[in-house]
Amino acid sequence: MPQLVDMRNIIKVYPNGVVANRDVNFSVERGEIHALVGENGAGKSTLMKIVYGLEQPTSGSIIFNGRPVKLQSPHQAIDFGIGMVHQNFMLIPSFTIAQNIVLGHEPVKGRLLDTKAAIRITEQLAQEYGLDVDPTAKVEATPVGMRQRVEILKTLYRGADLLILDEPTAVLTPQETDDLFDAVRRLVAQGKTVIFITHKLIEVKEISDRVTVMRHGEVTGRVQTAEVSEEDIARMMVGRDVLFRIEKPRQQRGEVVVQVKGLSYVSPTGRPLLRDVSFQIHRGEILGIAGVEGNGQTQLAEVLSGLQPPTTGEATIGGQSVLGRGPRHVRQAGVAHIPEDRLTNGVALEADIADNLVVDRYYRSPFARRGAMSLRQVRRHAEQLMQKFDIRAAGAEALMGSLSGGNMQKVIIAREFSADPVLLIAAQPTRGVDIGASEFVRRQLVEERNKGKAVLLISADLAELLTLADRIAVLYKGEIVALFRSRPDLSEEELGLYMLGLKRQLPEQRE
Amino acid sequence: MTFETVLASIFSAAFIATIIRASTPIILPAMGGLISELAGVINIALEGIMLTAAFFGVVVGALGPEWLPGLPVWVYPWLGALVGVLAGLILTLIIAFFHLELGADVILAALAINILASGGTVFIMFALTGDKGSTSTLASPAMPSIIIPFVGSIPVVGQIFNGENLTGYNIITYAAFLSVALVWLFLYRTRLGTHLRAVGENPVAAASVGIDVKRVQYIALLMSGFLAALGGINLSMGYLTLFQTNMTAGRGYIALAAVFLGNRNPLGTLIAALIFGAAGALEAQLGTLNIPSQLITMIPPIVTIAALVIYNVRRQAQMAANARKFQEKMESEHKVV
Ligand SMILES: Nc1ncnc2c1ncn2[C@@H]1O[C@H](COP(=O)(O)OP(=O)(O)OP(=O)(O)O)[C@@H](O)[C@H]1O
Ligand SMILES: [Mg+2]
């Protein structure tokens, strides 16, 4: 088959000296689904940004459709028929979906925008490719799954023949992922070519024709997907065998330390997002929260971590009431929080790693003495945590914004775990994190539980919940509709019925 | 004047005319500020740009007949306005260049321009006229006024539409109100306006769909400079026909306040600008009473604070009402169960 893109000897050195790609050769054939995998920071996104004209290679050449090309801006890439869906969504929140899809190439009538045409185009595209969206809804009010589809439609509207999807499934539920895969297969059937970045090797096996594996900025393997197993791919990525199984000793359940009673939250616009939520967590227990994205998980984490005051209800940690007095008060009562939206709530992108690691404790000894901060302590602290949590970056003073997605998550995890909390709220802690690091995070969560901590694990990854949680609650439309004790015969499908609102337990059935 | 006469004048048609006049040099820079703010490059040099435009408008308007004799008389004010606007645009271009090309902070660059304008105008004025206070020695022209025919003889209406003395409003007052509609049309109904808002909200996303962020921000800054310059021309070539040291008196900053009080949209900004204009007009009326002037100059800021408080109290009341409704609903549901 003819090659659509052929990247030769690509070297990329970022201005800060990080070598993200070292002499990479990468090619994609027309009409294939090509998976690109590798650990966090391996250089996958960088390589794709080069194809999309967002970054210029330090050296190397790109041959597109048989001709050498220089891609100096996304504009040029778009003209060549290259489209990219970024790891972090590139949407304008206050615009409608139709406006986002046509942005940059808006239909006009005379000199003015043709809003009706934009809506019509969106509807047509959505129908043609089977990607369902609501053209007039504002992006800020739509669930992530729909935003994902908007991003794909955006590239299709621009006439993309080559679609680059950078970790598109990281934020999707299993159901949404299946829908996405159906759409991708339809696209390929219509003659498109897809490059697919993911950390989930199951997905690589399921959807791709070929796989390229990257490690430390180099390509370490290129294989036909059918010829290898998940374990083989993992070995190529990490350079060692990866244990997919997590050792979880029998639970030593202690007394109840977290009591949540009658929690409700109504959004400023009047939408009830949490309804009368009550549960308890014991010491040494992981309580999992399952649910389709947008059913109140985000609000539950935000209310319990003090970021939002609840409309009604209360929560106590060790008998002490914690809500309504702001996040610092909640933290001091022993709550740590790994937020779901790490870019907005988890890190300060323009501060360095060391500062990000002390934002919840800078005012205490040993970091603050008589009102002044000890920069030496801050640095030492950062270096210790970077080593313990294997954070890969140029150094403690590397800016947060220059880290790869997975390493950013490791910084947050390092901060929150090292706070030695009573209750650890972990919202989507392994989203976008590579297999090696996910394994690490999961093991750490279990270890915290074994140490007698209460853990609230909110995850869209049902397999993760089923392996880690001791009990699983299902949120549907802001309400707990089921509460199970984790046991071997509890299946993803069974949970799915509750998540979709097709079944609900009676109060006395809760476990 | 007695208190009663002041009160009577406040509730008169003439007072509405005063508000319209006083609002003009706030509305124009506010529209400029709005555009720059929405593009993510807020222009805090509106003040300095207004001042510079006001100054060059007067100088060229007054000295034009000397420098370029023989043109029809009506040309000179327009020539002055043109040069004033050009001067404003050049200052804006300097900010844009330092910020967009050299990476300087947009606030700092604009701050420098404000300082330059307030000192620079006085410096050149002194060199030209030997006076540091005003250009009263120059005979400078006014931009034309427009009198709407037929309505003059109608009481009240005549004064609202043609000003308190029925001499019509300055053409720039018309431009100011027209600019609100045009800015709205531009922002929400044209491609460039949409790109501008996208760039301001998420520049990386805008760049990723091929929008030239730098170009859009250049245009936004220049538009803000143009509108602010018109506001300046209105000050020195409208009701008054002279330049006075620092005659903008903070209007460029009040305009920025109007942008935020008006919730960053054209209509809201217009309303906020009118409120500030009214406060200014009130200030002028009460100035004739025997009240300490310090108290009177507090009116515009107090109006600002009051407006912000009312806005927030209403929002919170709305939220509380939502919560109450929800609670009632929950309770009624529980009764059913
Ligand atoms: N704009 C930037 N400036 C400096 N360094 C950067 C920049 N973007 C990425 N890097 C660095 O380049 C390396 C490769 O990053 P890249 O984002 O390509 O990794 P990735 O393979 O996509 O990882 P992930 O799976 O976590 O998304 C990392 O070490 C990262 O810190
Ligand atoms: Mg990446």
Side-chain angles (χ1 to χ4, degrees), chain A residues 49 52-54 73-79 83-86 88-95 99-115 118 139-140 151 154-155 157-158 262 264-276 309-313 478-479 507, chain B residues 37-40 103 105 181-182 184-216 263-265 311-312 314-337:
Chain A
K49 283 180 192 164
Y52 190 57
L54 266 180
S73 71
H75 207 95
Q76 288 177 336
I78 292 168
D79 286 344
M84 178 160 177
V85 174
H86 298 269
N88 307 317
F89 287 148
M90 296 276 190
L91 298 171
I92 313 292
S94 77
F95 284 22
Q99 283 175 324
N100 266 286
I101 284 177
V102 300
L103 185 64
H105 302 257
E106 298 85 352
V108 286
K109 206 156 60 190
R111 312 208 56 160
L112 299 184
L113 294 177
D114 190 345
T115 314
V139 162
E140 61 200 355
E151 287 280 24
K154 230 167 94 180
T155 64
Y157 170 63
R158 286 161 181 73
S264 302
Y265 176 75
V266 183
S267 78
T269 54
R271 286 206 307 149
L273 298 172
L274 287 177
R275 299 163 187 260
D276 201 12
T311 306
T312 63
E479 219 178 332
Chain B
E37 161 64 14
L38 289 181
D105 186 274
L182 290 179
W184 183 88
L185 202 68
F186 167 70
L187 287 173
Y188 299 101
R189 287 291 178 270
T190 67
R191 291 186 61 179
L192 185 58
T194 307
H195 295 181
L196 189 150
R197 288 184 296 128
V199 164
E201 198 169 328
N202 189 347
V204 187
S208 81
V209 293
I211 294 174
D212 187 342
V213 173
K214 206 200 262 183
R215 178 175 157 265
V216 168
N263 218 356
R264 299 163 85 239
N265 71 59
Y311 172 75
N312 278 304
R314 283 199 42 193
R315 220 185 48 165
Q316 294 208 332
Q318 183 64 42
M319 277 169 66
N322 283 335
R324 214 170 32 244
K325 245 188 277 165
F326 172 73
Q327 248 170 328
E328 279 160 15
K329 209 174 111 214
M330 291 279 295
E331 274 158 24
S332 63
E333 272 174 19
H334 277 291
K335 266 183 221 125
V336 175
V337 172

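Lettering of chains follows the sequences in order, A, B, ..., and the numbering in each one begins at 1.
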Main-chain N/O of A/Lys109 paired to A/Asp114 side chain as donor or acceptor, under 3.5 Å
no
Part of A/Ile78 lying under 4.5 Å from any heavy atom of chain B
side chain
More than 12 heavy atoms from other groups under 6.0 Å of CD on A/Glu140
yes
Between B/Tyr188 and chain A, which part of the residue has a heavy atom less than 4.5 Å away: side chain, backbone, both or neither?
backbone
So do A/His75 and B/Asp212 actually touch side chain to side chain, heavy atoms under 4.5 Å?
no
Check for a donor-acceptor pair, side chain of A/Ser264 on one end and backbone N or O of A/Asp276 on the other, with a separation under 3.5 Å.
yes
Could you please spell out the steps behind the side chain to side chain contact (heavy atoms under 4.5 Å, CB included) verdict for A/Arg275 and A/Tyr265?
CA-CA 7 Å; A/Arg275 299 163 187 260; A/Tyr265 176 75; over 6 Å; no
Largest heavy-atom contact set with chain B, pairs under 4.5 Å, which of A/Met84, A/Gln76, A/Glu106:
A/Glu106
Select one option (side chain, backbone, both, neither) describing which atoms of A/His105 are under 4.5 Å from chain B's heavy atoms.
both
Between B/Gly210, B/Ala206, B/Ala207, which shows the greatest number of heavy-atom pairs under 4.5 Å with chain A?
B/Gly210
Looking at A/Gly83, A/Gly53, A/Ser94, which one has more heavy-atom pairs under 4.5 Å with chain B than the rest?
A/Ser94
